[in-house]
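Have a look at the structure below before the remarks.
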2 protein chains.
Amino acid sequence: MPLMNLDGTERLGFLIHDAARMMRKRFEMLGSSYGLSAAQWRLLVRVVKDEGVAQARLAELLEIEPISVSRLLDRMEEGGWVERRQDAADRRVRMIFPTDKSRQAFGAIKSVAGEVFEQALAGLSQEQRQTVLLGLKTIVHNLSDGEASCQHDNEKGAAR
Amino acid sequence: MPLMNLDGTERLGFLIHDAARMMRKRFEMLGSSYGLSAAQWRLLVRVVKDEGVAQARLAELLEIEPISVSRLLDRMEEGGWVERRQDAADRRVRMIFPTDKSRQAFGAIKSVAGEVFEQALAGLSQEQRQTVLLGLKTIVHNLSDGEASCQHDNEKGAAR
DNA sequence: CATATATTATAAGCGTGCTTACTATTCAAG
DNA sequence: CTTGAATAGTAAGCACGCTTATAATATATG
């Protein structure tokens, strides 16, 4: 054990885990009137921005497994948030479209998200916020499978 | 919406979520030889440090619900990681003790954790790391139920 | 054309967390 | 002592992510 991490780094796992959990909780609390979970919100944002996207591509973008997308969509289709349409060219493909309900909720979602983030980061300077964001991006990048691969692909589809 | 968040803050939710998921994944990858999940590791660390702690207190410390502790312990007891003993004074209480196996694994756990954190934070200066940790602590604190309550209670159970 | 390989979506089942509801036990009043 | 409230733990069932396996379709190759 090279570094003793007496600086608090040893808490990193706990901290990230807790922060993520609490943010998700807060999201679901503030957004419960819409009947969407945090995961469904994430998906909805994607679908509104990329209408007609295929499920497989959605899974790529969200960095979750196709089966997770499938089951999320099951519930969201039931709730009238999205539509699945067959692709005429490739009958394996289901294209995902947001409903009007979704498009209308989209603005509200962004607003709620802004509130949550503001609440979460309260007390931190703009500079500190930037560093926190940079740190999180770094963590995601460093742990993105590659492990040994140190490419710099923040823009292309790789990083999302 | 006061701030347009063109600074990337709008990504905070995605970033924290992704970072937490990837760290958990990495933990489970590196630690799979021990047969412990990330959640079980968190619990184990607590139990080794607080031998004989009651389940309810454990839930408080880990900030998860008692039922989650209960089911985690079910599997860990099966795996020979912990023992549940009745408290003679209060027969409702189950005191949790680590087994020898646990105590021996504890060192390895810390080592693996150090590796993961080092990997995750690679490329960030000590100063930046401190800011990231501060930011996460702030987020956790700001979102800890209270919402309006801004006291500094990291120890007591006030927030829950 | 026929066969092999890809890809798209889904099914089944597990781990972790949650909410809600329940039992058992303790403790505080009357 | 008895009633009632609080506490410790668990059960049931859901959401979300995962892995592994399967069906349907597309595409490449013999």
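Below, chains carry the letters A, B, ... as their sequence lines are ordered, and counting in each starts from 1.
- Taking 4.0 angstrom as the limit, Gln55(B) places a side-chain polar atom (N or O) nearer than this to OP1 or OP2 of dT10(D).
- In textbook terms, a nucleotide whose glycosidic angle is within 90° of 0 is syn, and dA6(C) is one such case.
- For the pair Glu60(A) CD and dA9(C) P, the interatomic distance rounds to 11 Å; values are reported in whole Å.
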Could you go step by step and tell me if Arg75(B) and Glu78(B) meet the salt bridge (Lys or Arg N to Asp or Glu O under 4.0 Å) rule?
CA-CA 5 Å; Arg75(B) 284 184 290 271; Glu78(B) 251 179 62; over 6 Å; no
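- Of the two residues near DNA chain C, His17(A) and Met95(A), the one whose nearest nucleotide lies more 5' is Met95(A).
- Sequence order on DNA chain D of the closest nucleotides to Arg75(A) and Ala88(A) puts Arg75(A) first from the 5' end.
- If you check distances only, the side chain of Arg21(B) never reaches the base of dG17(D) with a donor-acceptor pair under 3.5 Å.
- With rounding to the nearest 0.5 Å, the separation of CD1 in Ile96(B) from CG in Leu72(B) is 11.0 Å.
- Here dA11(C) presents its C1' atom at 11 Å from CG of Asp74(A), a figure rounded to the nearest Å.
- Listed nucleotides dC18(D), dA11(D), dA9(C) differ in distance to Ile67(B); the shortest reach to its side chain belongs to dA11(D).
- Here the side chain of Glu65(B) is nearest to one of dC18(D), dG9(D), dT19(C), namely dT19(C).
- Judged by distance alone, with hydrogens and angles left aside, Arg91(A) brings no side-chain donor or acceptor close enough to the base of dT25(D) to form a pair under 3.5 Å.
- Taking only side-chain atoms of Arg84(A), from C-beta outward, the nucleotide of dT10(C), dC18(C), dG17(D) with the closest atom is dT10(C).
- Pair assignment for dC22(C) gives dG9(D), based on Watson-Crick or G-U wobble hydrogen-bonding distances that are each under 3.5 Å.
- Taking only side-chain nitrogens and oxygens, Ser68(A) comes nearer than 4.0 Å to OP1 or OP2 of dC18(D).
- Straight-line distance from the CZ atom of Arg94(A) to the P atom of dA9(C): 8 Å, rounded to whole Å.
- Nucleotide dA28(C): paired with dT3(D) (Watson-Crick or G-U wobble, both distances less than 3.5 Å).
- Side-chain contact between Phe106(B) and Lys49(B) is present, with at least one heavy-atom pair separated by less than 4.5 Å.
- The interatomic distance linking Arg57(B) (CZ) with dG9(D) (P) rounds to 13 Å, in whole Å.
- Checking dA26(D), dC18(D), dA8(D) against every side-chain atom of Arg71(A), the shortest atom distance belongs to dC18(D).
- Of the inter-residue distances, the one linking Leu44(B) atom CG with Trp81(B) atom CH2 reads 7.0 Å to the nearest 0.5 angstrom.
- At whole-Å resolution of the value, CG in Leu73(B) and P in dG9(D) are 9 Å apart.
- Side chain of Ala54(B), nearest nucleotide from dA9(C), dG9(D), dC14(C): dG9(D).
- If you measure from atom CZ of Arg92(A) to atom C1' of dA6(C), you get 7 Å, rounded to the nearest angstrom.
- Protein atom CG of Leu58(A) is 13 Å distant from nucleotide atom P of dT8(C), rounded to whole Å.
- No path of Ile, Leu, Val, Met, Phe, Trp and Tyr side chains, each step under 4.5 Å between heavy atoms, connects Ile64(B) with Ile67(B), placing them in separate hydrophobic clusters.
- We find that CD1 of Ile64(A) is positioned 16 Å from P of dT8(C), with the value rounded to whole Å.
- The side-chain heavy atoms of Asp18(A) and His141(B), taken from C-beta on, include no pair separated by under 4.5 Å.
- For the OP1/OP2 pair of dG17(D) and a distance below 4.0 Å, the side-chain nitrogens and oxygens of Arg24(A) include no atom meeting the criterion.
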